[in-house]
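These notes concern the structure reproduced below.
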Amino acid sequence: MQIKRQTVKSILEDDRTEYTTTVKGWVRTFRNNQFIALNDGSTVQPLQVVVDATKFGENTLKKITPGAAIGATGQIVPSAGRGQRVELIAEHLTIYGASDPSTYPLQPKRHSLEFLRSIAHLRIKTNTFGCVFRLRHAIAFGIHKFFNERGFFYMHTPIITGSDAEGAGEMFRVSTLSPSSPPKTASGEIDWSKDFFGKQTNLTVSGQLEAELGAMGLDRVYTFGPTFRAENSNTTRHLAEFWMIEPEIAFADIQDDMDLAEDLLKFILRYVLDNNKEDLMFLQNRLIQAEKSLPQHQRSEMELIEKLEFVLAEPFERITYTEAFNILRNSKPNKKKKFKYVLDQWGADLQSEHERYLVEKHFKRPVIITDYPASIKAFYMYLNDDGKTVRGMDILFPQLGEIVGGSERETRMDVLLKRMEEYNIPPEELHWYLDIRKYGSCPHAGFGLGFERLVQFITGMSNIRDVIPFPRYPGYAEF
RNA sequence: GCCUCCUUAGCUCAGUUGGUUAGAGCGCCGGACUGUUAAUCCGUAGGUCCAAGGUUCAAGUCCUUGAGGGGGCGCCA
């Protein structure tokens with residue numbers, strides 16, 4: 001008789017016992033020739049499958065090894081041992097796929113994250129990465145839920161772009177021309193008009209400009225898609241391929257923009273605390289274990305869940321660049337020249353050491369900095385009446401630095417054209433972007449949220465390469 | 001791109017001022033085990049000490065170059 005398969009999660013959440021069911025998953029350990037810890041990905045918790053060795057042949061028992069894919073049918077009963085509430089007494093066992101223990105790289109022990117990164121195709125089977133990727137899903141789902149509940153429309157902006165004026169970084173070229181013998185023009189240069197799209201194209205670095213077009217008709221939209229930066233960035237918080245959320249709201253100013261961003265971040269924290277407590281608990285314990293070997297002053301001040309609840313409960317600090325600059329200029333590390341970059345001139349960009357001082361030492365909470373000097377921000381940000389600051393805002397988080405960057409957009413055609421000229425962006429490149437200032441322009445604002453950085457913050461994973469299944473970064477594009 | 005640290009068994013690591021045959025835990029392999037929780041117990045095997053060159057009577061250990069990895073910085077999300 002075929003019995004419908006249940007997930008481990010649904011069995012563990014069910015109060016009933018004394019019923020027959022089927023589970024399928026992967027063996028984590030097989031203890032005492034008797035107890036299988038079975039994980040099926042539905043939860044970090046394993047289901048204990050109890051095997052009576054006398055009922056099954058040696059041929060079957062020998063294949064129950066770490067990593068093997070098996071199915072088990074039997075009674076769910078209250079566990080006779082400690083450590084789990086219920087267990088399954090196996091009546092039938094099916095070996096779907098054996099796993100050669102002499103070569104299987106995952107042992108029932110702690111592996112380094114660096115080693116697991118080198119076997120990214122298998123690390124998904126571990127508890128740590130199971131938790132990370134379940135949380136990654138929950139965060140993505142929560143983001144869609146948040147925007148849907150607020151009447152936003154999910155907008156798909158192009159991944160291949162013919163515009164090279166997005167201004168957010170170095171781009172990857174997309175081309176079907178032969179790299180060794182591309183067609184040439186009469187003057188000997190590569191003839192891009194012969195390329196697939198009839199022009200030079202790249203992978204997008206941002207969907208913002210197209211999202212602005214969307215907001216001018218749909219009122220409130222958001223993008224959630226992959227973005228690509230060909231920057232040679234070697235840090236724990238940069239990827240060459242990452243996912244970004246970019247809402248854009250019409251009839252809104254920078255205050256509305258900040259409110260939206262803070263609401264979104266808090267909604268997501270609430271959502272994962274409500275729905276992924278077990279995964280968070282596991283990652284929290286993992287961090288506590290990892291920090292035991294560190295000296296006291298290097299350990300986290302708060303545990304993972306405590307940190308998430310703290311950020312959820314407290315309002316983000318909102319200050320202008322000028323206020324931040326003054327705090328930093330008068331700060332101890334600045335006066336004692338402990339900063340690598342000592343601040344003295346208004347207009348200087350804040351370095352990560354400054355951002356971390358504000359967030360981790362001075363305010364001890366997320367900080368939103370607004371009204372940056374125009375010279376260090378993008379051309380599309382609304383120029384304030386002072387003529388030297390723009391209505392941009394960055395949200396800074398502990399450890400990560402900038403997690404959100406946004407602004408109220410420049411809507412005045414003359415000002416926008418002047419700013420583009422300063423940035424050497426030819427107006428004809430962005431004629432469509434300028435058109436929305438010509439036809440029914442209105443105040444609007446938006447921001448970009450780095451998805452992986454949010455996943456990093458919530459999971460506590462220190463390296464961004466460990467919160468995306470198959471990371472891409474300079475020199476690395478495996479799997 | 002810059003700075004810095006690291007690379008020893010399948011994994012995680014130890015290896016003293018350069019000195020005999022390079023060690024441990026886990027894993028693997030063989031055996032025991034019907035209430036285990038990274039199970040436990042007994043036994044065996046397992047090494048191009050990242051690579052090349054150099055210094056030295058002698059190099060895992062010192063020097064040079066290269067490769068790979070970690071962390072920090074810059075760029076940003």
Sequence neighbours excluded and cut-off under 3.5 Å, please list the side-chain donor-acceptor pairs for residues 49-59 of chain A, or say none.
unit_1, atom_1, unit_2, atom_2, d
A:D52, OD1, A:T54, N, 3.0
A:D52, OD1, A:T54, OG1, 2.6
A:D52, OD2, A:T54, OG1, 3.4

Exercise. Does the side chain of A:R237 get closer than 4.0 angstrom to OP1 or OP2 of B:rG71 through an N or O atom?
Worked result: no
Seminar exercise, completed: Quick note, A:S352 side chain, CB onward, closest among B:rG74, B:rG35, B:rA77 is B:rG74
For this session: Flag the pair A:T236 / A:S462 as yes when at least one side-chain heavy-atom distance between them is below 4.5 Å, and no otherwise.
Result: no
Problem set entry | Nearest-Å distance once atom P is located in both B:rG15 and B:rG1 | 34 Å
Exercise. A:E231 CD to B:rG74 P: how many Å, rounded?
Worked result: 14 Å
Problem set entry | By side chain to side chain donor-acceptor pair (under 3.5 Å) - contacts of A:N285 (at least two apart) | none
For this session: Quote, to the nearest angstrom, the P distance that separates B:rC73 from B:rC62.
Result: 29 Å
Exercise. Would you call A:V221 and A:F152 a side-chain contact if the rule is heavy atoms closer than 4.5 Å?
Worked result: no
For this session: Would you please enumerate the stems RNA chain B participates in, each stem being three or more consecutive Watson-Crick or G-U wobble pairs with both distances under 3.5 Å?
Result: B:1-7 with B:67-73, B:10-13 with B:23-26, B:29-32 with B:40-43, B:50-54 with B:62-66
Exercise. Got a donor-acceptor contact below 3.5 angstrom from the A:T29 side chain to the A:R31 backbone?
Worked result: no
Problem set entry | Which nucleotide in B:rC11, B:rU34, B:rA77 has an atom nearest any side-chain atom of A:F115 | B:rC11
Problem set entry | Any side-chain heavy-atom pair of A:L12 and A:L47 under 4.5 Å | yes
For this session: Could you state the atom-to-atom distance from CG of A:L116 to P of B:rG69 in whole Å?
Result: 16 Å
Problem set entry | Any donor-acceptor N/O pair under 3.5 Å between B:rG35 base and A:E87 side chain | yes
Exercise. Listed by chain and number, what are the side chain to side chain donor-acceptor pair (under 3.5 Å) partners of A:E262, not counting sequence neighbours?
Worked result: A:K266, A:R318
Exercise. Say you pick atom P in B:rA9 and the same atom in B:rG25; how far apart are they, in whole Å?
Worked result: 16 Å
Problem set entry | Distance, rounded to the nearest Å, where A:F397 contributes CZ and B:rC76 contributes C1' | 17 Å
Problem set entry | Distance, C1' atom - from B:rA22 to B:rG46, rounded to whole angstrom | 14 Å
Problem set entry | Residues forming a side chain to side chain donor-acceptor pair (under 3.5 Å) with A:Q456, sequence neighbours excluded | none
Please produce a list of atom pairs where a protein N or O lies less than 3.5 Å from an N or O of nucleotides 47-50 of chain B.
none

For this session: Indicate, with a heavy-atom threshold strictly under 4.0 Å, whether A:S118 touches base, sugar-phosphate, or nothing.
Result: nothing
For this session: Would you check if the side chain of A:E360 reaches a backbone N or O of A:P398 as a donor-acceptor pair within less than 3.5 Å?
Result: no
For this session: May I ask you to verify whether the side chain of A:S233 and the base of B:rC75 hold a donor-acceptor pair under 3.5 Å?
Result: yes
Seminar exercise, completed: Checking A:Y154, A:F153, A:F141, A:Y222 against A:F147 for ring pair (Phe, Tyr, Trp, His ring centres under 6.0 Å), the one that qualifies is A:Y222
Exercise. Reckon A:R465 touches a base, only the sugar-phosphate, or nothing at all at heavy-atom distances under 4.0 Å?
Worked result: sugar-phosphate
Problem set entry | Nucleotide of B:rG70, B:rA77, B:rG1 approaching A:N232 most closely (side-chain heavy atoms) | B:rG1
Exercise. Hey, can you pull the residues of residues 54-72 of chain A with a non-hydrogen atom under 4.0 angstrom from RNA chain B?
Worked result: A:T54
For this session: Establish whether the base of B:rC11 is bridged to the side chain of A:H111 by a donor-acceptor pair shorter than 3.5 Å.
Result: no
For this session: Using a heavy-atom cut-off of under 4.0 Å over every strand shown, decide if A:D52 touches base, sugar-phosphate, or nothing.
Result: base
Problem set entry | Whole-Å P distance, B:rU8 and B:rA14 | 10 Å
Problem set entry | Minimal non-hydrogen separation, A:L383 against A:K388, with atom names | CD1-N, 4.4 Å
For this session: Specify the closest pair of heavy atoms between A:G74 and A:L88, including all atoms of both residues, with the distance to one decimal.
Result: N-CD2, 3.8 Å
Exercise. So, does the side chain of A:E114 form a donor-acceptor pair with the base of B:rU7 at under 3.5 Å?
Worked result: no
Problem set entry | Side chain to side chain, A:L203 and A:V174, heavy atoms closer than 4.5 Å | yes
Problem set entry | Given B:rG1, B:rG70, B:rA77, the nucleotide with the shortest approach to the side chain of A:L239 | B:rA77
Problem set entry | Pairwise side-chain contact, A:D40 with A:K24, heavy-atom cut-off 4.5 Å (strictly under) | no
Exercise. What is the nucleic acid contact for A:V51, judged by heavy atoms within less than 4.0 Å: base, sugar-phosphate only, or nothing?
Worked result: nothing
Seminar exercise, completed: Sorted by chain and number, sequence neighbours left out, side-chain contact (heavy atoms from CB on, under 4.5 Å) with A:H111 holds for A:L106, A:Q107, A:K109, A:F115, A:L116
Seminar exercise, completed: In whole angstroms, the gap separating P of B:rC76 from CG of A:L350 amounts to 12 Å
Exercise. Looking for any heavy atom pair under 4.0 Å, which part of the strands does A:E452 touch: base, sugar-phosphate only, or nothing?
Worked result: nothing
Problem set entry | Sugar-phosphate, base or nothing in reach of A:E353, heavy atoms under 4.0 Å | nothing
For this session: May I ask you to say whether A:R220 pairs ionically with A:E248, meaning some side-chain N is under 4.0 Å from a carboxylate O?
Result: no
Problem set entry | salt bridge (charged side-chain N to carboxylate O under 4.0 Å, His left out) involving A:E13 - partner list, sequence neighbours excluded | A:K9
Exercise. When all nucleic acid strands are considered with a 4.0 Å heavy-atom cut-off, which category describes A:R28: base, sugar-phosphate, or nothing?
Worked result: nothing
Problem set entry | C1' atoms of B:rC13 and B:rC49, separation to the nearest Å | 13 Å
Problem set entry | Rounded distance in Å between the C1' positions of B:rU61 and B:rU17 | 11 Å
Exercise. What distance separates A:L396 CG from A:H354 NE2, expressed to the nearest 0.5 Å?
Worked result: 12.5 Å
Exercise. Is a donor-acceptor pair below 3.5 Å formed from side chain A:T235 to base B:rG72, judging by atom type as modelled?
Worked result: no
Exercise. With respect to the phosphate group of B:rU12, does any side-chain polar atom (N or O) of A:S112 fall under 4.0 Å of OP1 or OP2?
Worked result: yes
Exercise. Quick one: side-chain contact (heavy atoms from CB on, under 4.5 Å) partners of A:K377, sequence neighbours excluded?
Worked result: A:Y372, A:M381, A:V390, A:D394
Exercise. For A:F35 and B:rA39, are the ring centres under 5.5 Å apart with planes inclined under 30°?
Worked result: no
Problem set entry | Sub-4.0 Å heavy-atom contacts from residues 100-109 of chain A onto RNA chain B, ordered by number | A:P101, A:S102, A:Q107, A:P108, A:K109
Exercise. C1' atom, B:rG27 versus B:rA38: distance in rounded Å?
Worked result: 11 Å
Problem set entry | Proximal nucleotide (of B:rC75, B:rU36, B:rG70) relative to the A:N32 side chain | B:rU36
For this session: For A:G83 and for A:N33, find the nucleotide of RNA chain B with the closest heavy atom, then tell me which residue's nucleotide is more 5'.
Result: A:N33
For this session: Please list, by residue number, the residues of residues 336-345 of chain A whose heavy atoms come closer than 4.0 Å to an atom of RNA chain B; answer none if no residue qualifies.
Result: A:K340, A:Y341
